[in-house]
Amino acid sequence: MYLKPLEEKFTLHRNAEQAEPMRKYMKGNFPFLGIRTPERRKLTKGFFAETQILKEPFQHEFVSELWKKEEREYQYAACDYILSSLKKLVKDDMLFMERLITEKSWWDTVDTLAAHPVGRIASDHPETIEDTVKDWAYGSHLWLRRTSIIFQLRYKQNTSEGILYEFISQNAGSKEFFIQKAIGWALREYSKTNPESVRSFISSSPLAPLSIREGSKYLK
């Protein structure tokens, strides 16, 4: 019911000239319609207003259908919808987010899902950290491990140091760029709230140079 009107909007605004450089920017992992972010957000905002979808319960099937589409803008639209529906998410949606993170995975969607819906669900239902997110941190899936490291990005003073440092330490030996970068990013964000704690952790932990460099950016 909701997919077709959005497809029509996106199809009318596709731009082949813009699509190719967008594809190259994402390392050729996904085809694009060529709709840039400001225009896409304007289109999805109009779609939300016309369909009144945001007044309905959370539409899991709609998100799943968008995730199946080839062009990357459809996954971005799904993320736009999720970001506009955070208050509707429930505990069981953590496993739904896990599925999205592990399908068509790349940093552009994973980071949005990690910092917003995953972070929100974990904040509202802390038991999901032990039940689910911890398994991600100790597992083998690259993007779930990254998610476990950065899901507290927006927590500031509500950050659990124990969880942050545990999940970072578990992954500190990784040679994966996206893991090392995530560690640095998480430490950099938390250093804005508790610089002394981050400084102490960095000085006493065997972190990769990239993680140290990124994590120390705001430390004098």
What pair of heavy atoms forms the shortest contact from [X] to [Y], and how long is it?
| X | Y | answer |
| --- | --- | --- |
| His141 | Ser105 | CE1-OG, 4.2 Å |
| Pro5 | Met1 | CD-O, 3.6 Å |
| Ala186 | Leu164 | CB-CD1, 3.9 Å |
| Ile149 | Ala182 | CG2-O, 3.6 Å |
| Asp131 | Asp135 | O-OD2, 3.3 Å |
| Ser84 | Leu54 | CB-CD2, 3.8 Å |

Can you list every salt bridge (Lys or Arg N to Asp or Glu O under 4.0 Å) pair that touches [range], not counting sequence neighbours?
| range | value |
| --- | --- |
| residues 81-98 | Lys91-Glu127 |
| residues 196-218 | Lys181-Glu214, Arg188-Glu214, Glu196-Arg199 |
| residues 151-174 | Lys134-Glu166 |

Check whether [X] and [Y] end up in the same hydrophobic cluster, where Ile, Leu, Val, Met, Phe, Trp and Tyr are linked by side-chain heavy atoms less than 4.5 Å apart.
| X | Y | result |
| --- | --- | --- |
| Leu83 | Leu6 | no |
| Ile168 | Tyr218 | no |
| Phe177 | Trp185 | yes |

Quick one: are [X] and [Y] in side-chain contact, heavy atoms under 4.5 Å?
| X | Y | result |
| --- | --- | --- |
| Val63 | Leu100 | yes |
| Lys9 | Glu50 | yes |
| Tyr76 | Asp108 | yes |
| Tyr2 | Phe47 | yes |
| Ile82 | Thr112 | no |
| Phe151 | Trp136 | no |

Could you pull out every donor-acceptor pair under 3.5 Å between side chains of residues 118-126 and any protein atom, sequence neighbours left out?
from: Arg120; atom 1: NE; to: Asp124; atom 2: OD2; distance (Å): 3.1

Donor-acceptor under 3.5 Å ([X] side chain, [Y] main chain):
| X | Y | result |
| --- | --- | --- |
| Glu70 | Pro31 | no |
| Gln18 | Ala16 | no |
| Arg146 | Val110 | no |

Check your understanding: When rounded to the nearest 0.5 angstrom, what distance separates NE2 in His60 from OG in Ser85?
Key -> 10.0 Å
Exercise for review: With sequence neighbours left out, write down each residue that passes ring-ring contact (aromatic ring centres under 6.0 Å, His included) with Phe48, or none if nothing qualifies.
Suggested key: none
Exercise for review: Just jot down the ring-ring contact (aromatic ring centres under 6.0 Å, His included) partners of Tyr74, sequence neighbours excluded, or say none.
Suggested key: Phe10
Not counting sequence neighbours, which residues clear side-chain contact (heavy atoms from CB on, under 4.5 Å) with [X]? List them please.
| X | result |
| --- | --- |
| Arg23 | Glu20, Phe32 |
| Asn29 | Lys27, Trp106 |
| Ser174 | Arg145, Glu176, Ile179 |
| Glu61 | Glu65 |

Quick check: are there more than 12 heavy atoms from other residues, nucleotides or ligands sitting under 6.0 Å from [atom1] of [X]?
| X | atom1 | value |
| --- | --- | --- |
| Glu17 | CD | no |
| Lys192 | NZ | yes |
| Tyr25 | OH | no |

Return a table of donor-acceptor pairs under 3.5 angstrom between the side chains of residues 204-212 and protein atoms on other chains or two or more places apart.
from: Ser204; atom 1: OG; to: Ser200; atom 2: O; distance (Å): 2.9
from: Ser204; atom 1: OG; to: Phe201; atom 2: O; distance (Å): 3.4
from: Ser205; atom 1: OG; to: Phe201; atom 2: O; distance (Å): 2.6
from: Ser211; atom 1: OG; to: Gln180; atom 2: O; distance (Å): 2.8

**Study point:** Full working for side-chain contact (heavy atoms from CB on, under 4.5 Å) between Tyr155 and Tyr190
**Key:** CA-CA 9 Å; Tyr155 282 22; Tyr190 188 50; over 6 Å; no
Practice item. Using the six-membered ring wherever Trp is involved, compare the ring planes of Tyr81 and Phe62 and label them parallel, tilted or perpendicular (cut-offs 30° and 60°). Key: perpendicular
Point to revise | Under 3.5 Å side-chain donor-acceptor pair for Tyr165 and Ser197 | key: yes
Which side-chain N or O atoms in residues 35-42 pair as donor and acceptor under 3.5 Å with protein atoms at least two apart or in another chain?
from: Arg40; atom 1: NE; to: Asp80; atom 2: OD2; distance (Å): 3.0
from: Arg40; atom 1: NH2; to: Asp80; atom 2: OD1; distance (Å): 3.2
from: Arg40; atom 1: NH2; to: Asp80; atom 2: OD2; distance (Å): 3.3

Revision key, fill the gap. When Glu103, Lys104, Arg72, Gln75 are each screened for side chain to side chain donor-acceptor pair (under 3.5 Å) with Thr109, the one that passes is Arg72
Review point. Pick one: which of Leu113, Thr147, Thr102 meets side-chain contact (heavy atoms from CB on, under 4.5 Å) with Met97?
Key: Leu113
